[in-house]
Amino acid sequence: MRVAVVGLGAIGAQVLWQLSRVGGVEVHGFDKEYPGHQAAGVGGESRLFWNLELAEPAYTPLIERAAVAWRELEALSCQVLRDPTGVLIYGGEQDAQMQCALHSAKALDVPVEPLETPALRRRFPRMAFDDRSLGLWDINGAVIRPERTVEVTVALARRHGAVVHEFSPVKALDVTDSKVSLLSPSGRQAFDRVVICCGGWTPKLVPHIQQDVVTRRLTSLWFHARQDDFIDVPPFLRTAPQYCYGIPSHDRRSVKLGLGFNDHYVTGDADRLPRQLEGADLAAELGKFEWVRERMLPWLSRRPYRVETYVESYTRSMLEYIRPHVDNPNVIVMTGFSGHGFRVSPAIGEIGCQLVIDGKTSVDIGFMERASPVFSILDPKQGTTTHNSVMASNPSLA
Ligand SMILES: Cc1cc2nc3c(=O)[nH]c(=O)nc-3n(C[C@H](O)[C@H](O)[C@H](O)COP(=O)(O)OP(=O)(O)OC[C@H]3O[C@@H](n4cnc5c(N)ncnc54)[C@H](O)[C@@H]3O)c2cc1C
């Protein structure tokens, strides 16, 4: 069987690797740049790996499987792909996401240390906590090395015979025949199965998903501390309605901050968005982060020393879009990882492979399609939506 994986980012790399391990499969991977390039959804040197679920209890088996699949990937590659730091999930004790995290901590039986406000203040004295905060110290939480993970995973796939086509944007997909043909710079090629994992670019190849999936540009800011050269904060994720996250660099000399869905740049086309921020646009973007610095980490430098933008795809339910193409079941579309795809990516790779080979998955993913929307898409071409009700990150909305 000839299979193509289009897009070798966080998800495509894992699908490629899993397929390369199956006997009788000739697998080809295509990327418009190369695996692990930093301009798509993978860049910025770090991603949080946390073990708790913040929104959908049915998601917990996937997290459980991902923890196992990560360990297998690290063992087989003999590489450290996640730094075992622990991760602090915290917020108001009544926040819906915090309640879900507590529920999943019990369901998953993962080692988690609950921390009331006084304990949070003692343990993490450099962070400012509101009264009635609750923290969950996810002991097995980690910081993923995203670019390295993709590079290493694709190298494993190559070792198993996968053919990797770099700088090969797939320009068109012909789904009218049971053999699916792809048009790339190396010409037209036919495959028995095709998996599309193009992140925020997926709607360009599969336009019908624009009813369900929108693309966003995310901004990451890197700060130094004003005085110290050591940033003594843990990797953290603050739950909505004051959603934000921070990841200290490996050398602890800086921290990277990020916000949630409602603060991302709206676009209907991943190729038509400003990637370099300057002038008024830069000022406006920095303004969105002010409250994090002022209220949570007031000792950070006033301005970031590094500003980068990335691209991600979001579904209306904030749960993955993993479904066959409406016009051809031999095409599997995997997108809409909604800001949390990296932590589960090795398990998603297994799911993609199972869908190609068996047409069904060992982990139940039916809940993803059934989940209720948390925002509506107003204009699919422009990517405009209503406010995402569960992800407000502006404290004035809290
Ligand atoms: C700033 C930021 C912070 C995040 N933080 C976290 C976190 O802490 N924890 C977590 O679990 N997740 C996090 N995520 C989410 C996670 O990184 C994404 O869910 C994940 O990268 C999505 O993977 P993907 O494969 O769908 O897309 P991508 O990783 O973007 O990969 C898509 C690939 O497709 C390629 N491509 C596009 N079009 C074509 C084409 N026509 N032909 C060939 N190739 C093509 C691109 O070049 C790219 O390599 C974060 C995302 C961002 C952007």
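What you see below is based on every heavy atom in this structure, not just the backbone, and it leaves out hydrogens, waters and symmetry mates. Order of appearance sets the numbers: ligands from 1, and atoms from 1 within every ligand.
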Side chain to side chain contact (heavy atoms under 4.5 Å, CB included) between Asn388 and Met318, intermediate numbers included: CA-CA 9 Å; Asn388 180 329; Met318 301 287 281; 3.3 Å; yes
Trace of the salt bridge (charged side-chain N to carboxylate O under 4.0 Å, His left out) decision for Glu93 with Arg132: CA-CA 7 Å; Glu93 55 188 48; Arg132 300 178 63 79; 3.6 Å; yes
Other residues, nucleotides, ligands: >12 heavy atoms within 6.0 Å of His208 NE2: yes
Check: Tyr314 ring centre within less than 6.0 Å of Phe261 ring centre: yes
Phe223/Trp299 aromatic ring centres below 6.0 Å: no
Answer yes or no on whether [X] is positioned over the face of [Y], meaning its NZ or CZ is under 6.0 Å from the six-membered ring centre and within 45° of the axis.
X: Arg21; Y: Trp17; result: yes
X: Arg303; Y: Tyr305; result: no
X: Arg2; Y: Phe191; result: yes

Is any N or O atom of [X], backbone or side chain, closer than 3.5 Å to an N or O atom of ligand 1?
X: Leu48; result: yes
X: Ser313; result: no
X: Ala40; result: no
X: Gly41; result: yes
X: Glu312; result: yes
X: Trp50; result: no
X: Phe342; result: yes
X: Arg47; result: yes
X: Leu218; result: no
X: Gly341; result: yes

Counting only heavy atoms closer than 4.0 Å, does ligand 1 sit against the backbone of [X], its side chain, both, or neither?
X: Phe49; result: neither
X: Lys171; result: neither
X: Thr202; result: neither

Sub-3.5 Å donor-acceptor pair from the side chain of [X] to the main-chain atoms of [Y], do we have one?
X: His250; Y: Asp83; result: no
X: Gln79; Y: Leu81; result: no
X: Thr215; Y: Ala270; result: no

Criterion salt bridge (charged side-chain N to carboxylate O under 4.0 Å, His left out) on Arg252 and Asp228, from CA distance to verdict: CA-CA 10 Å; Arg252 299 269 163 168; Asp228 306 338; over 6 Å; no
Counting non-hydrogen protein atoms only, what is the nearest one to [atom]? Give residue, atom name and distance.
atom: atom 34 (O) of ligand 1; answer: Gly7 CA, 3.3 Å
atom: atom 14 (N) of ligand 1; answer: Gly339 O, 3.4 Å
atom: atom 38 (N) of ligand 1; answer: Trp201 CB, 3.4 Å

Pick from [options]: the one approaching [atom] most closely through a non-hydrogen atom:
atom: atom 35 (C) of ligand 1; options: Ile11, Asp31, Thr219; answer: Asp31
atom: atom 41 (N) of ligand 1; options: Ile247, Val170, Leu237, Val311; answer: Val170
atom: atom 43 (C) of ligand 1; options: Arg216, Lys32, Gln14, Arg343; answer: Lys32

Cluster link Tyr321 to Val311, ILVMFWY, side chain under 4.5 Å: no
Sub-4.0 Å atoms of ligand 1 with respect to non-hydrogen atoms of Gly199: 26 (O), 27 (O), 32 (C)
Within-shell test, His37 vs ligand 1, heavy atom, strictly < 4.0 Å: yes
